[in-house]
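Note on naming: letters A, B, ... go to the chains in the order of the sequence lines (proteins, then strands), and numbering restarts at 1 for each one.
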2 protein chains.
Amino acid sequence: MTDGQNPFSRQERVVVIGAGLSGSLAAVYLARHGYLVDVYERRPDPRTAPAGLGGRSINLGLSARGMRALDEVGLLADVLKRSVPMRGRVVHSPDGAVRFQPYGVREHEILHSVLRDELIALLVDAAETSAGVRFHFGWRLNRLDRDTATVEVLSEAGGDPVEVGADLVVGADGIHSVVRQHLQRGLRADYSQEFLEWGYKELTIPVGDDGEPRVRLEALHVWPGESAMMVAHPNVDGSLTCSLFMPHEGPVSFATLDTPEAVLGFFRANFADAEELMPNLVEEIAGHPVGHLVTVRTAPWRHGDRVVLIGDAAHAVVPFYGQGMNSAFEDCLVLSDCLARHTDRAAALAAFEAARKPHTDVLADLSIANFVDLRDRVHKPGYTAHAVADRLLSRLMPDRWTPLYTMVAHTTTPYADALARAKRQDRILRGATAAAGALAALGAVTTIGAALRRRSRGR
Amino acid sequence: MTDGQNPFSRQERVVVIGAGLSGSLAAVYLARHGYLVDVYERRPDPRTAPAGLGGRSINLGLSARGMRALDEVGLLADVLKRSVPMRGRVVHSPDGAVRFQPYGVREHEILHSVLRDELIALLVDAAETSAGVRFHFGWRLNRLDRDTATVEVLSEAGGDPVEVGADLVVGADGIHSVVRQHLQRGLRADYSQEFLEWGYKELTIPVGDDGEPRVRLEALHVWPGESAMMVAHPNVDGSLTCSLFMPHEGPVSFATLDTPEAVLGFFRANFADAEELMPNLVEEIAGHPVGHLVTVRTAPWRHGDRVVLIGDAAHAVVPFYGQGMNSAFEDCLVLSDCLARHTDRAAALAAFEAARKPHTDVLADLSIANFVDLRDRVHKPGYTAHAVADRLLSRLMPDRWTPLYTMVAHTTTPYADALARAKRQDRILRGATAAAGALAALGAVTTIGAALRRRSRGR
């Protein structure tokens, strides 16, 4: 922890709190700016310790924004090697019927399923090979002086707290960010946390007895439903990791899945093919914890030229748009751009917050809206007609019509801009529907008129 | 603190945390239900200690909801004796011009200005004369076990913490409620705090040198403005207490009022009559702290049959609708009703939250909207025309048309119901405006048509 003889001692120092997805990629970016970077992470090194993230989402869908941020620092190819492409969505009906929907109209419009821990390990490796980056696992933040960027860290192994001076502290310590608490204490900070009444639990679709995947591998599998839904991501070994979403409490809820009979009864009623695909269903439901789904919106994200928040610490979203990791990676890219464009670091951090917050606020709304859509609207005819028209128009004029999902998942159009464009398209679609209705009505009048004329002639 | 010989020992016990407006009125109501009530308050007894609430709003407008809640326990007449009626609004223009707007069309549609500390003292007196109520000033909450309703309190004078067992704990400890923290810890609790960029500072309009009030006493005085605004409440002694609202930072802000010249220059430019009315302006601006304006929304407000939040602890609003105290008093009335209607206390607390939260959420929105209205729209012609039409209709058909402000301030119609009715009225007003516009357009077309016909005849 002491480095009086550090050869880089005239360089500026950054302390990153948290070596998760956003913290480890931020370290890569910050090293490129010539900073000396020390990353402190409470958990043990993911490369040597068993994962044991029980209940946390362990694989994720990498999409355009995340890919761009990885590509910028030369890491995309390595990541894609360890991921499974998802070329579309396989929708499972309650009766067990299955249909495949490709993601987009263009070849590159696919997602990539990647294991969280493998990805973090890759990023930590990449950061450690950058000059000036050091990781300190098993250390947690105890105090932060936001005016001097001085942190006090504590080893999980015990011992006295250690003070570390820095020029900048990056809070990449997730939804329960301690950096955020210190950054905002006593300030006029806006903060909101909002829970869904639904939670989630991880389940597994193991490789079949024949060694082959039990379902089409290169796809995201979705089981929509009003009282419960599931999503499954593929793994390189041919298994899939499944998240079951349902209410915490109530008549159909995690609280009622308390006997093997209740579990099997529930799956048979709601997901006809689940029992066959998930042979360890009953044990996993009993053994795995229920995760919470929470949205955090807050401001400010920064303090002078000394502290900045990124990723979940600044904007946690529910997972229904698959953008949590992707937006965290995008933060690293945008923060890097802002640091490059402004020599005054306080201005750079202000520009970063101004550039990102309007878009992550929209992402928070979209993610909740997609939860509602998945739950309530997938089966509704009106929704389907609209979605079909949306998809059809994007095929007929791919350069001029892009569905919202495509913009969010397969482009790097900022979230709020994507939403604004989707709203314009929606107005056009609604207008067209109304016009079609009017034409139909006109047709009916003409027909009735003709019939009346025929009748009057017939008389 | 010990009461082994308490003659009421078979009665149920309530601990109220906080002897502010909501806590002391709640004690009166709870005593009527036969509870033994112990109220713990961190601050000293307001009846013997100097007020010294520097920077907090020290007088308040009592309106219909608050009056009803006081009346229900026989306290209204006493409170009105110590208050000044406000029969309308005196609006001061930037140039010093003044106009009076009566509040309502009915005799009883007036507000009553009352000093916070006097009102609290009156409520504490009333509660203490109820059987079974005791106040403990100078004690703060240290811990709360939400499952057993056991609290641990600490004397501000020092000494060991004291444990107090109860059947129910009422959190009436304000916006920074410690009860709320203990109630919600580790639960899926929604919480949001949202600051306005404006703050406030208390100023005084003292009695004139002739012993007479310097302005019309029986009114709420308002100085609207886009960059700063003021509101003043009358006191029984003929003085008025004024709140100056403006941004914390920026070109016109509290931060820039840092010299006597800056202060006087600001008031001369924005409030022409202020210098004459407030002879201690410069000293008060320098000496008084800037208060924050914050909205808190949260849930849950209760835990089983053991803990419940009321007043600011459950729903803090900005003061621009003058409903903070009134809604807190209404909480006491509704909580009492729910306790009377349900023998199962958990059901009573659930009914209380269900009955109140939709309405206090609406109040939070209305209070922020009224800030925006006061700041931006008071001078705008469109707003004035709408407000004039609204007022006119309420005079023409007082039983069928009630402006939103009237419903909020002068009735006990629940806030959300008041808003829904106001929206219906707004639609009618807008429809009428559109119809008037259509008639005007039709008139224009007819006129143009007639002109064209004249022209063609003339040719």
How would you list, by chain and number, every residue that makes a ring pair (Phe, Tyr, Trp, His ring centres under 6.0 Å) with F266(B), sequence neighbours excluded?
F271(B)
Counting distance alone, with no hydrogens or angles, which donor-acceptor pairs between chain B and chain A are under 3.5 Å?
from	atom 1	to	atom 2	distance (Å)
R188(B)	NH1	H248(A)	ND1	3.3
A189(B)	O	Q193(A)	NE2	2.8
D190(B)	OD1	F195(A)	N	2.6
Y191(B)	N	Q193(A)	O	3.0
Y191(B)	O	Q193(A)	N	2.7
Q193(B)	N	Y191(A)	O	2.7
Q193(B)	O	Y191(A)	N	3.0
Q193(B)	NE2	A189(A)	O	2.8
F195(B)	N	D190(A)	OD1	2.7
H248(B)	ND1	R188(A)	NH1	3.3

Less than 4.5 Å to any heavy atom of chain B: does that hold for the side chain of L187(A), its backbone, both, or neither?
backbone
Against chain A, work out which of A189(B), A299(B), G199(B) has the most heavy-atom pairs shorter than 4.5 Å and name it.
A189(B)
